[in-house]
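In what follows, a structure is listed as structure tokens, so that the remarks can point back to it.
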Amino acid sequence: FISTDTWLILSSTDPAPGLVEGIYFATASFGAAVPAEEYFSPYSGPFTLSGGSHTVYYASVDNAGNKGTGVVSVRVDASPPVTQLQLSDPSAAQVGGIIYVGTGTYVSLNPQDIVYNDVASGLATTQMLVDITLETCESGGQGGGINGAGSCANPFYEGPFVLPPGAHTLYFLSVDNVGNEERINTASVTVQGTGSLSGTVSTPYLQAGSAVTVLVSTDYFRNDSVAPYTFAASGTSFPFTLTLTAPATYFIAAATGDAQTGLTPGSAIGVYNNYAPVYLTPGDTLVNIDFPIGADNTLPVSAVVSISN
């Protein structure tokens, strides 16, 4: 097996009495008939072959007219491998170029040596870097990797692995047995753990058996991206604790009423810190997410503010 970048070189030596007059060669695909003598070309220097299976016939002639012949079979691998990222989490989802998975998800690299013109030389290695770039490693940097693999010191894939919670970047490629190298693949993977938010919501006086719904959004309450969490409440305040997926950015609001039966017009409403975002990382326990909600019984008013032709 060779690659399309491999140069084939023919040489000949001749014992006494004389010098080699010339070298000639011809190529044919596997199984084809031996080329006739008129199809042999004078050899003038190194040459390459296209992808596929070839038979190279060659001959050299000395000044006395003696001829030596030979034949060699060559398989030329013209294509690099292809490596795919595989995840054990069936609920993994890709959003905006980022793959989101749950904790404990196994990450695997599945390399395949592509067959081109019935030739594949087989896989040699699969290489990867985790959370560090090739440029950093080449400039003398250290670090990266998971469980000792995928680092500058050991940039090789050794089997399925589990990433810790958080955002990660994987770089990976495979090489076949004749040196064909895949282009570097890049994957952004975020492992979602959980974190908690807790605080106290101050309310107008509520009768026993009342309900308050805490509203959580990752998109500033747009596009229906709101998750309701209803709590029993009475008096003028109540504590809440939420366990949420992390890492993520959340916006927090609340309204009196039960989200299951509908929040009624005139409900007391409020938002945390004027819609300030709350960033939650895996394992976080954020406290003091406190805010008041107040009554809003004023009907909205519409008016014509301009007329134009």
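All residue numbers refer to positions in the sequence shown, counting from 1. Below, all heavy atoms of this structure are taken into account, side chains as well, without hydrogens, waters or symmetry copies. Fair warning: this is a prediction, and the values are worked out from it, not measured in the lab.
Each of Y220 and Y279 belongs to its own hydrophobic cluster when Ile, Leu, Val, Met, Phe, Trp and Tyr are linked at side-chain heavy-atom distances under 4.5 angstrom. Hydrophobic clustering, with ILVMFWY side chains joined whenever heavy atoms are under 4.5 angstrom apart, keeps F172 apart from L134. In the hydrophobic clustering of this structure, Y250 groups with V201; members are Ile, Leu, Val, Met, Phe, Trp, Tyr whose side-chain heavy atoms approach within less than 4.5 Å, directly or through other members. L280 and F291 fall within a single hydrophobic cluster, where Ile, Leu, Val, Met, Phe, Trp and Tyr side chains are chained together by heavy-atom contacts under 4.5 Å. Note on I9 and V74: same hydrophobic cluster, where clusters join Ile, Leu, Val, Met, Phe, Trp and Tyr whose side-chain heavy atoms are under 4.5 Å apart, directly or indirectly.
Atom CD of Q84 has 12 or fewer heavy atoms from other residues, nucleotides or ligands within 6.0 Å. Within 6.0 Å of atom CD in E38, more than 12 heavy atoms from other residues, nucleotides or ligands are found, so the atom counts as buried in its surroundings.
The two atoms that bring S79 and I114 nearest to each other are OG-O, 3.0 Å, heavy atoms only. Taking both residues in full, the closest heavy atoms of G51 and A78 are given as CA-CB, 3.7 Å, listed atom of the first, atom of the second, then distance. Here the closest non-hydrogen pair linking V119 and S53 is CG2-OG, 3.5 Å. When all heavy atoms of T103 and P165 are compared, the closest pair comes out as CG2-CG, 4.0 Å. Heavy-atom minimum distance, A120 versus F1: O-CE2, 3.7 Å. When all heavy atoms of G104 and V162 are compared, the pair lying nearest together is CA-CG1, 3.9 Å.
Note: F238 and F240 have tilted aromatic rings, judged against thresholds of 30 and 60 degrees for the angle between ring planes.
Using a 4.5 Å cut-off on side-chain heavy atoms (C-beta onward), Y229 and L244 make contact. Side-chain contact between D113 and L123 is present, with at least one heavy-atom pair separated by less than 4.5 Å. Taking the side chain as every heavy atom from C-beta outward, T256 and V212 approach each other to under 4.5 Å. Taking the side chain as every heavy atom from C-beta outward, Y171 and T133 approach each other to under 4.5 Å. When side chains are defined from C-beta on, E181 does not count as touching P80, because their heavy atoms never get closer than 4.5 Å. In this structure the side chain of I2 reaches within 4.5 angstrom of the side chain of L8, judged on heavy atoms. With a 4.5 Å cut-off on side-chain heavy atoms, L163 and L170 count as touching. Using a 4.5 Å heavy-atom threshold, the side chains of T4 and L49 count as separate.
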| What do the steps show when you test L215 against T213 for side-chain contact (heavy atoms from CB on, under 4.5 Å), and what is the final call? | CA-CA 6 Å; L215 304 169; T213 296; 3.6 Å; yes
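Checking side-chain atoms of Q112 against main-chain N and O of V82 turns up no donor-acceptor pair under 3.5 Å. Remark: the backbone N or O of T83 is paired with a side-chain donor or acceptor of E182 at under 3.5 angstrom. Formation of a donor-acceptor pair under 3.5 Å by the D131 side chain with backbone atoms of T169 is found in this model. Not a single donor-acceptor pair under 3.5 Å links the side chain of T230 to the backbone N or O of D258. D284 contributes no side-chain N or O that, together with a main-chain N or O of G195, makes up a donor-acceptor pair within less than 3.5 Å. Using modelled atom types, no side-chain atom of D176 and backbone atom of P81 make a donor-acceptor pair closer than 3.5 Å. Under the 3.5 Å distance criterion, the side-chain polar atoms of D77 are matched with a main-chain donor or acceptor of S121. For Y157 (side chain) and L109 (main-chain N/O), a donor-acceptor pair under 3.5 Å exists by modelled atom type. A side-chain donor-acceptor contact under 3.5 Å links S88 to the backbone of Y106. Of the possible polar contacts, one joining the S3 side chain to the D5 backbone as a donor-acceptor pair under 3.5 Å is found.
Side chain to side chain, S210 and S234 fail the donor-acceptor criterion of an N or O pair below 3.5 Å. If you check the side chains of S217 and D219, you find no donor sitting under 3.5 Å from an acceptor.
Aromatic ring centres of F251 and Y275: separated by at least 6.0 Å.
Interatomic distance, CG of L173 versus OG1 of T186, reported as 10.0 Å (0.5 Å rounding). Interatomic distance, I99 CD1 to L87 CG, rounded to the nearest 0.5 Å: 6.0 Å. Taken from CG in L286 to CG in L242, the straight-line distance is 11.0 Å, to the nearest 0.5 Å. The CG atom of N154 sits 8.0 Å away from atom CE of M128, with the distance rounded to the nearest 0.5 Å. The distance from atom OG of S41 to atom CD1 of I23, rounded to the nearest 0.5 Å, is 13.5 Å. Separation of atoms OH (Y205) and OG1 (T236) is listed at 9.0 Å; rounding is to 0.5 Å.
Put simply, the residue from Y58, F47, Y57 that forms a ring pair (Phe, Tyr, Trp, His ring centres under 6.0 Å) with F25 is F47.
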